[in-house]
Amino acid sequence: MTEAWGPDDDKPRRFAGPVKVRVPAKINLHLGVGPVRPDGFHELNTVYHAISLFDELTARPGDTLTLTMEGEGTGELELDDSNLIIRAARALAQKARVPAHARLHLRKTIPLAGGLAGGSADAAATLLACDLLWGTGYGKDELAEIGAELGSDIPFLLQGGTALGTGHGEAVSPILARPTTWHWVVAIAEGGLSTPEVYRELDRLRGSTWSPEPLESPGQLMAALRQRRPEVLGAALANDLQPAALSLRPALAEVLKAGYDAGALAGIVSGSGPTCVFLTSDAAHADKVAVGLRDSGVCRDAVAARGPMPGARAV
Ligand code: ATP
């Protein structure tokens with residue numbers, strides 16, 4: 001990175017050279033879904049956890065706003081104004097009253113529509129990269145505010161770690177747990193699932209007679225995070241969207257079974273799916289479970305990942 005302004009200037013730092021930002025995927029260790037609110041969002045109580053599956057966004061100076069990409073979803077993902085990257089860059093430029101000029105390039109590893117919040121991750125990376133490129137000098141909280149307008153998971157992906165999400169997921173507070181690395185296996189599915197469709201399926205399954213209870217704080221999971229025992233954490237994982245994802249994609253039951261057959265301590269659908277994540281006891285165990293899942297042929301790929309990871313960071 002090349003600095004256009006030196007540290008002695010009083011203007012915010014701006015970078016003349018490329019700014020590269022790495023951003024993690026998220027999984028939900030707990031996903032409690034309440035009723036639909038008047039604004040159309042479901043009330044959520046969730047525990048986010050950032051894992052070591054990363055997208056990378058590079059921002060370079062340009063005369064217009066352009067986006068190119070490589071990796072997962074290339075040829076499938078629109079690179080026009082509907083892309084969350086373009087929307088995030090424009091939202092920041094508008095707020096800061098600067099021209100939205102940048103050449104953006106995405107290296108994508110997080111699968112599309114996988115329940116891993118890849119789009120939100122890319123938007124978080126864009127906010128940080130363009131903030132540095134344009135020298136707009138916003139803090140994480142201000143970027144999170146801009147991000148929350150675009151997607152509920154964006155504030156968490158700027159922050160990373162393990163955090164409690166409330167509201168519709170956009171209100172994030174970090175969970176201070178004992179520093180522990182958890183070892184996961186991510187089973188990547190062929191094709192995605194639409195998040196709004198999964199929520200609609202949940203509402204359908206609950207039916208009109210469903211009477212919502214107030215969302216409980218995930219006490220068991222919080223207690224498990226304070227210990228270093230993966231089997232305790234495994235028993236506390238929960239996802240209210242899982243029955244809806246399984247109803248739309250019954251084959252996910254085979255993925256979950258294959259993970260257990262391969263020796264995983266616990267398995268769960270990640271967010272709205274169709275990605276499934278499995279908890280293991282250590283790195284070697286994760287590699288073994290990943291091999292077992294790949295050999296079973298029930299998923300497109302299976303990769304080991306660690307968490308928690310920091311949120312979007314310049315590298
Ligand atoms: P979430 O769990 O946050 O709802 P997801 O992980 O299931 O999301 P994403 O990959 O974040 O799914 O994307 C959902 C949809 O958002 C995609 O199908 C795509 O149409 C749209 N989208 C817009 N920009 C992006 C982007 N940069 N990366 C991925 N998807 C994007």
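Just follow the structure's listing: the first ligand is 1, and inside any ligand the first atom is 1.
- In terms of protein heavy-atom proximity, atom 3 (O) of ligand 1 is nearest to Asp153 OD2, 3.1 Å.
- Nearest to atom 7 (O) of ligand 1 among the protein's heavy atoms is Gly115 N, 2.9 Å.
- The part of Leu116 lying near ligand 1 is the backbone, judged by heavy-atom distances below 4.0 Å.
- If you look at Glu78 next to ligand 1, there are no close heavy atoms at all, none under 4.0 Å.
- In terms of polar-atom proximity, Ala113 is counted as a contact of ligand 1, with an N or O under 3.5 Å from an N or O of the ligand.
- Protein non-hydrogen atoms do reach within 4.0 Å of atom 12 (O) of ligand 1.
- Counting heavy atoms closer than 4.0 Å to ligand 1, residue Leu77 contributes side-chain atoms (C-beta onward) but none from N, CA, C or O.
- Within the 4.0 angstrom cut-off, atom 17 (C) of ligand 1 has no protein heavy-atom neighbours.
- At a 3.5 angstrom cut-off on N or O pairs, Gly119 counts as close to ligand 1.
- Donor-acceptor pairing under 3.5 Å is lacking for the side chains of Gln220 and His30.
- In summary, the side chains of Thr280 and His183 do not present any donor paired with an acceptor at a separation below 3.5 Å, with no hydrogens or angles considered.
- Residue contact check: Leu112 has heavy atoms under 4.0 Å from atoms 10 (O), 29 (C), 30 (N) of ligand 1.
- Remark: the His101 side chain and the Trp134 side chain contain no N/O donor-acceptor pair separated by less than 3.5 Å.
- Looking at Ala117 next to ligand 1, an N or O pair under 3.5 Å apart turns up.
- Taking Arg37 as the reference, Asp39, Glu43 meet the salt bridge (charged side-chain N to carboxylate O under 4.0 Å, His left out) condition, with sequence neighbours excluded.
- Only the side chain of Asp122 comes within 4.0 Å of ligand 1, judged by heavy-atom distances.
- Annotation: Leu106 places no N or O atom under 3.5 Å from an N or O atom of ligand 1; distance criterion only.
- Within the 3.5 Å criterion, the main-chain N or O of Asp122 finds no donor-acceptor partner in the side chain of Asp55.
- For ligand 1, the polar-atom distance check finds an N/O of Leu84 within less than 3.5 Å of one of the ligand's N/O atoms.
- Within the 4.0 Å heavy-atom shell around ligand 1 one finds Gly114.
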